[in-house]
Amino acid sequence: MSNYHIKHLEEYWQVYRRSVRNPENFWEEIAEEHFLWRKRWDKVLSWDFSKPEVKWYEGAQLNITENCIDRHLATRADKTAILFEPNDPAEATQHITYRQLYERVCRFANVLAEQGVGKGDRVCIYLPMIPELAVSLLACARLGAVHSVVFAGFSATALATRINDCDCKLVICSDGSYRGSKTIDLKAIVDKALEECPGVETSLVVKRTGGQVTMQGGRDKWLQPLLDAADAQRDATIVDAEDPLFVLYTSGSTGKPKGMVHTTGGYMVYTAYTFKNAFQYRENDVYWCTADIGWITGHSYIVYGPLANGATTVMFEGVPSYPDYGRFWEIVEKHKVTQFYTAPTAIRALAKENLDFVNKHDLSSLKVLGTVGEPINEEAWHWYNENVGKKNSPIIDTWWQTETGGIMISPIPYSTPTIPTFATLPMPGIQPVLMDENGKEIKGNGVEGRLAIKFPWPSIARTIYGNHERYRDTYFSAYPGTYFTGDGALRDAVGYYRITGRVDDVIIVSGHNLGTAPIEDAINEHPAVAESAIVGYPHDIKGNALYGYVTLKETGEGRDQDNLRNEINQLITDRIGPIAKLQKIQFTAGLPKTRSGKIMRRILRKIAGKDTSNLGDISTLLNPEVVQAIMDESLA
Ligand code: WTA
């Protein structure tokens, strides 16, 4: 029996029980047998969720790029590490071998070092899904520098906030990006952001589209000539297991985005382990995750997890609808993809299109299908199972979070029976609990509650960058002694988990987590707006869409409402990005409030979702009359 590679359900249970009975031994053995350490740890785990503090493999030293690249050179130098599929199908696929990846990472690391980047420095990466994106993460890691990737769909303001929050001195960006038929002028967004970022000394610019850009003397440098001049070899900087590997921002229900800090050793072990098991990865597989590296899914399961296993990982620059809705399936056929990992929102969008887009491609290479990012609805699950998997590829519904670093609850394909909409069983080492509203654990099966985790796992985020107190308050104060996820879940009669969705003010739109507060702040900047409240409502492709209730100041009352709607959405686009735009905006005379002045979002959510049969007791509201008014005006 192997702890590292689970092959059937009984084995899962044995491994799981062992992982819970003695987590230190379990994770020690895996770390010992499957990774390259420059110095062994003194202690496997120390933890205290009240501080909170978690340390794995303390005292150990390593470099994650030696694990993801160097150690494969002996046996896999000519194997494709990254298979790059460009936006335009007419442009050639790139096969980057492990040896080439080694050279590219070393050159890039040398360039960064020349620009003054060293161990512990933060580097912001704002790039489209091109090979330089993966290479730049690894180049930072090679130097022990901390990368902070910002999804290249965020606006200048959002980018600037993130650059400043983690005090980046260098930014890696590109001239532009391709997304389907669109070309986006990324450099202009960066230029605008950098007006607000006095700490940034250098920006390195990758040439992708060849579009017009303004290069600011002294600050902006084209990357390619620097790479050409750099040495193709560089020793890895050895870091401590608990040194930070990256910061990645995620939305909270209130306030600024949270810079989740992940450290090196535990993150590496856990992402590699879960990649191997959740995807049942084998040596000659071609693995494809369609996420963007701007999100945690891309960090853990396009870059680090697959490369630590010596896998071939596909990077796709484009979108599922370009040049037509068959693009995903064309790529699966072309590269004989064996594991395919995507988001429910993409599945729902593709399920709306003609089945011929799927059926004209040979998908017989597929062995495992994955989903992540939000609950998958039953209809989408069946569509995926029948039309993509031909009922032959198990679907793994993987539940996890930016904060957890890796997959937490998921079937092990070919071992765990799958059930539509169920993430099923915890990965080895993960100890989920359900809590009631009074903070008591709900034991037994056939129960529903709030999902928390009562024991640390190697890739748990260690803090929020620059704000440990917020880290404690957000995750460890709801149920002292456990990590609170913010999600609701049920555990069925046999102990399988189904995630029911967020229980806080985070709304997941097309798989992107959006906090309501920053969006409301953006809307409230509009001079005609008095107040606003955002809620989510069910949307058949996006999962949830945003519904905004807006009250106007007197000055706004005579204004054309469609113009106002456009202006409000433009503000949101400027402050956050197009992903946060409101689907519907209703202007109302007032918002329902409690006597203490809190907006009753629960009621607004029901109205937006056209579920007004049971609004609960509204008589205690400060202004019960507005509820009827809002319902009467509610948008068709
Ligand atoms: C939601 C993405 C149901 C959940 C890796 C979580 C899911 C949030 C699932 C984290 C799933 C993710 N089923 N809900 N399989 N996967 N979620 O940080 O609400 O972008 O808390 O990490 O997405 O989103 P994040």
Side-chain angles (χ1 to χ4, degrees), residues 149-151 153-154 246-253 257-262 267 270-271 274-275 278 289-305 341-348 369-378 380-381 384 395-411 416 418-427 430 432 448 450-453 459-461 464 474-475 478 483-491 496-515 536 542-544 579-580:
V149 183
V150 177
F151 171 62
F154 276 116
F246 64 86
V247 175
L248 184 62
Y249 285 85
T250 186
S251 306
S253 40
K258 299 170 287 191
M260 303 313 307
V261 177
H262 281 283
Y267 176 82
Y270 194 76
T271 53
T274 47
F275 175 74
C289 165
T290 70
D292 192 293
I293 293 175
W295 311 115
I296 190 70
T297 304
H299 282 58
S300 302
Y301 299 109
I302 295 177
V303 181
Y304 291 111
Y341 192 28
T342 196
T345 186
I347 298 168
R348 287 190 296 262
L369 301 176
T371 81
V372 60
E374 59 181 312
I376 180 166
N377 51 307
E378 199 150 349
W381 195 97
Y384 199 27
I395 294 178
I396 54 165
D397 176 353
T398 64
W399 173 82
W400 58 295
Q401 309 179 294
T402 303
E403 296 85 339
T404 69
I407 294 171
M408 300 289 280
I409 303 183
S410 166
T416 320
T418 59
I419 312 173
T421 76
F422 278 76
T424 74
L425 297 172
M427 295 302 288
I430 304 307
E448 184 165 359
R450 295 173 173 219
L451 180 63
I453 316 285
S459 65
I460 183 175
I464 291 174
T474 311
Y475 304 104
Y483 164 84
F484 176 47
T485 64
D487 283 320
L490 61 82
R491 191 163 51 218
Y496 283 20
Y497 288 88
R498 173 181 181 173
I499 312 302
T500 49
R502 300 292 307 180
V503 296
D504 57 11
D505 284 331
V506 172
I507 304 169
I508 304 190
V509 178
S510 300
H512 303 316
N513 296 4
L514 298 170
K542 300 177 174 193
N544 295 294
I579 52 180

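Treat the numbers as computed from the prediction; the structure is a model and nothing was measured. Counting starts at 1 for both ligands and their atoms, in listed order.
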Applying side chain to side chain donor-acceptor pair (under 3.5 Å) to D487 and not counting sequence neighbours gives W399
Under the 3.5 angstrom rule, does the side chain of Q401 hit a backbone N or O of T485 as a donor-acceptor pair?
yes
Are Y475 and F484 near enough that their ring centres are under 6.0 Å apart?
no
Looking at H512 and I508, would you say the former's side chain and the latter's main chain have a donor-acceptor pair under 3.5 Å?
no
Within the heavy-atom cut-off of under 4.0 Å, ligand 1 is lined by I296, T297, V372, G373, E374, P375, D397, T398, W399, W400, Q401, T402, D487, I499, R502, I508, N513
Taking only Lys NZ, Arg NE, NH1 and NH2, and the carboxylate oxygens of Asp or Glu, determine whether R348 and E374 approach each other closer than 4.0 Å.
yes
May I ask you to decide if the ring planes of Y267 and F246 are parallel, tilted or perpendicular, using 30° and 60° as cut-offs?
perpendicular
